[in-house]
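Down below is the structure, laid out as structure tokens.
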Amino acid sequence: MTADLPKIPLHRSTLDESDVQAVADLLRSGSLASDGAWTKRAQALLAERFGLRHVLLVTSATHALELAMMALGVRAGDEVILPSFTFTSVATSIVRAGATPVFAEITEPALTLDVGDVERRITGKTRAILLAHYAGVGMDNSALLDLAHERGIPVVEDAAQCVGARYRGTWLGGFGDAACYSFHYTKNITCGEGGAFVTNRSDLARKAEIHREKGTDRSRFLRGEVDKYRWMDEGSSYVPSEIQSALLCSQIDKLDGITQNRRQLFDRYLDRLAAHAGPETFRLPHVPEGSEPNGHLLYLLLRDGDLRNEVLCTLRDQGIGSTFHYVPLHSSPYASKRWGYRAEELPVTESVCSRLLRLPIYAGLTEAEQDRVIESFVDTVRRLA
Ligand SMILES: *Cc1c(COP(=O)(O)O)cnc(C)c1O
């Protein structure tokens with residue numbers, strides 16, 4: 001019945017003529033050298049907007065997490081605790097530092113780290129805790145932050161999905177010792193591939209700027225603080241080009257409008273779907289008091305995995321971009337082969353990953369398109385549940 005309706009993708013980047021102009025102007029200027037005017041501008045804009053002391057633009061959120069591990073001095077023999085319910089980058093950043101990822105359980109409905117489980121997994125080797133925010137919805141992580149503080153363990157936030165999201169007045173990315181943002185093309189604002197390492201700790205910022213610049217003090221040289229730059233520490237090349245930074249500046253200018261649009265769609269989904277939610281069908285995302293989501297993604301937790309899989313296939317057949325999240329990291333081929341983790345070890349994570357379904361959300365999705373998504377989803381669930 002819906003076979004000939006146009007497809008509604010899961011995601012679409014919000015790019016317009018002003019973005020094209022920004023990149024064209026940059027190319028005409030010929031100023032491609034990294035850490036130029038546009039990179040500085042993007043860093044200053046993000047720092048000011050989100051009340052952060054230090055923002056370093058990098059080539060991806062993955063690289064920002066690698067920088068965080070390096071700046072914290074995580075190395076071989078160390079352990080870093082992280083959720084299994086998250087994206088691969090969080091685990092690979094730990095493995096690249098030579099340390100061992102220790103996967104912890106999450107709790108429902110918040111889908112945040114289970115503090116009791118984290119506490120049980122802390123050992124004398126625990127060097128950091130990586131906290132991953134999901135879906136651009138800020139949750140109460142105060143118990144975890146308190147535990148980490150008590151034990152003197154630094155916390156790194158994966159806020160890759162969270163540009164423009166707040167919890168109790170603080171922008172996500174401002175809670176831990178350091179954090180990352182992503183500007184990948186699937187995120188709310190984008191420069192194709194890009195990210196930011198952010199921190200309020202000057203000691204970490206000083207280290208990160210060296211690791212980011214191939215292990216040199218070129219950043220200090222560019223500020224005129226030293227007369228030549230030298231090899232100071234380990235590092236790699238995490239510096240974006242001015243092309244990416246010019247595009248990002250153009251996107252940051254539109255961030256408020258994009259967030260507002262996505263937030264309206266997010267709230268409208270919750271509003272329209274509420275009447276159909278229940279133990280036999282699905283549950284809505286948890287949005288605690290004081291949380292201001294950025295509408296990054298819309299997920300629902302279906303009654304069970306079979307229902308999720310059937311609904312997913314049906315929606316795709318109807319031309320609606322729908323997908324799952326995530327394949328649990330602890331039972332992934334690499335982790336199970338290397339550390340012998342088994343699926344049953346983290347039952348909540350396994351259950352959530354088997355039941356989670358995502359629906360299209362992006363700035364520019366029309367209400368008519370959203371209504372079609374809601375109608376297809378509700379009809380399908382009703383028929384199959
Ligand atoms: C997108 C994403 C990343 C990776 O971001 P990149 O910029 O592509 O490296 C990491 N963590 C989470 C939770 C993400 O959603």
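First listed ligand is number 1; within each ligand, the first listed atom is number 1. Note that this is a predicted model, so its numbers are computed, not measured.
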Qualifying ring pair (Phe, Tyr, Trp, His ring centres under 6.0 Å) pairs, either residue in residues 234-261, two or more places apart: H63-Y238

R268 side, atom CZ; L273 side, atom CG - distance, nearest 0.5 Å: 10.5 Å

Option passing side chain to side chain donor-acceptor pair (under 3.5 Å) with K254 (candidates T14, T259, D16, N261): D16

List, one per line, each side-chain donor-acceptor pair under 3.5 Å for residues 296-305, sequence neighbours excluded.
from : atom 1 : to   : atom 2 : distance (Å)
H296 : ND1    : N188 : OD1    : 2.7
R303 : NH1    : E280 : O      : 3.3
D304 : OD1    : D306 : N      : 3.2
D304 : OD1    : L307 : N      : 2.8

Residues in contact with ligand 1, criterion: heavy atom under 4.0 Å: S60, A61, T62, F87, S89, D158, A160, Q161, S182, H184, K187, G194, Y326

Residues that D233 engages under side chain to side chain donor-acceptor pair (under 3.5 Å), provided they are two or more places apart: none

Aromatic ring proximity W171/Y181, centre distance under 6.0 Å: no

